[in-house]
Amino acid sequence: MSDPRARRRRQGPVVRGQGLLQPTTTDQRLLSGRGDTDWVHADPWRVMRIQSEFVEGFGTLAELGPAVSVFGSARTRPDSPHYRAGVEVGRRLAEAGFGVITGGGPGAMEAVNRGAAEAGGVSVGLGIELPYESNFNEYVNLGIYFRYFFVRKVMFLKYASGVVALPGGVGTMDELFEAVTLVQTGKLTAVPIVMYGVDFWAGVRNWMGATMVSEGYVRPEDLELVHATDDVEEIVELMCAAHPSVVAASRGAGGSR
């Protein structure tokens with residue numbers, strides 16, 4: 001039997017031995033102009049793409065300033081009261097000195113971007129590559145497209161001074177509860193989370209209290225991490241209370257608050 005310690009080779013941080021040895025070195029493969037192109041679709045190469053998306057996102061948003069991530073359905077109709085509420089949320093947050101961050105798409109996202117842009121605020125769209133064509137709505141004045149959902153999610157929350165969930169579907173639920181999880185585990189601090197639409201979200205909140213809390217899967221105080229309201233002014237007040245420096249800066253610049 002061969003000695004398992006024999007014929008080992010270090011390749012960067014990786015050590016290979018026995019039957020796992022590769023016949024060429026990394027440099028040899030790099031400098032070779034021949035061979036197939038399947039490597040550009042392999043996981044190690046994807047890491048470079050992932051890294052480039054983080055670098056682009058961080059570089060673009062690092063100087064964004066205080067902003068609120070607002071989630072909501074792409075299917076919200078322009079004649080819907082939820083759309084009108086989204087416009088008002090975007091407008092009032094911009095007037096208070098906050099930028100807004102949405103997915104940059106239609107529906108509720110468009111409404112929020114519209115309200116912020118029309119008020120002269122920063123209106124960010126974080127797009128995502130989808131199986132169907134998806135363009136930014138016309139009210140985005142700073143936009144980035146991402147290949148990977150998880151990179152986009154980091155950008156949504158890394159640069160968020162608060163989170164607002166308008167009525168929406170599975171995607172909105174995913175984004176909302178990811179924010180709740182990060183606050184619950186202490187990964188995000190000083191980030192108010194608001195559900196807009198008391199009746200819309202009542203079923204979720206009631207079920208969490210009646211089932212999750214009663215069976216011990218969620219602590220009663222965890223339900224207090226999310227505030228539900230039908231009042232746009234209350235959303236703005238919660239964000240301003242958590243970030244008083246934004247209020248001071250807005251007043252100093254001639255803002256409405």
Quiz item: Does any non-hydrogen side-chain atom of Q184 lie less than 4.5 Å from one of R219?
Solution: yes

Quiz prompt | Donor-acceptor contact below 3.5 Å, side chain D230 vs main chain V198 | solution = yes

Exercise. Only counting residues at least two apart or in another chain, list the ones meeting side-chain contact (heavy atoms from CB on, under 4.5 Å) with R75.
Key: S73

Quiz prompt | Atom CZ of F150: over 12 foreign heavy atoms under 6.0 Å | solution = yes

Quiz item: Would you find more than 12 non-hydrogen atoms of other residues, nucleotides or ligands less than 6.0 Å from E178 atom CD?
Solution: yes

Quiz item: Using a distance-only test with no angle check, is there a side-chain donor-acceptor pair under 3.5 angstrom linking Y148 and E129?
Solution: no

Quiz item: Is there a donor-acceptor pair closer than 3.5 Å between any side-chain N or O of N137 and the backbone N or O of P106?
Solution: no

Self-check item: Check: V226 main-chain N/O paired with R205 side-chain donor or acceptor under 3.5 Å
Solution: yes

Exercise. Would you check if there is a donor-acceptor pair between the side chains of N113 and T102 at a distance under 3.5 Å?
Key: yes

Quiz prompt | Side chain N206, main chain A202, donor-acceptor under 3.5 Å | solution = yes

Practice problem: Verify, without hydrogens or angle tests, whether S80 (side chain) and T76 (backbone) share a donor-acceptor contact under 3.5 angstrom. | Solution: no

Quiz prompt | Salt bridge D79-R84, side-chain N to carboxylate O under 4.0 Å | solution = no

Exercise. Check the pair I101 / V70 against side chain to side chain contact (heavy atoms under 4.5 Å, CB included), numbers first and verdict last.
Key: CA-CA 6 Å; I101 306 172; V70 186; over 6 Å; no

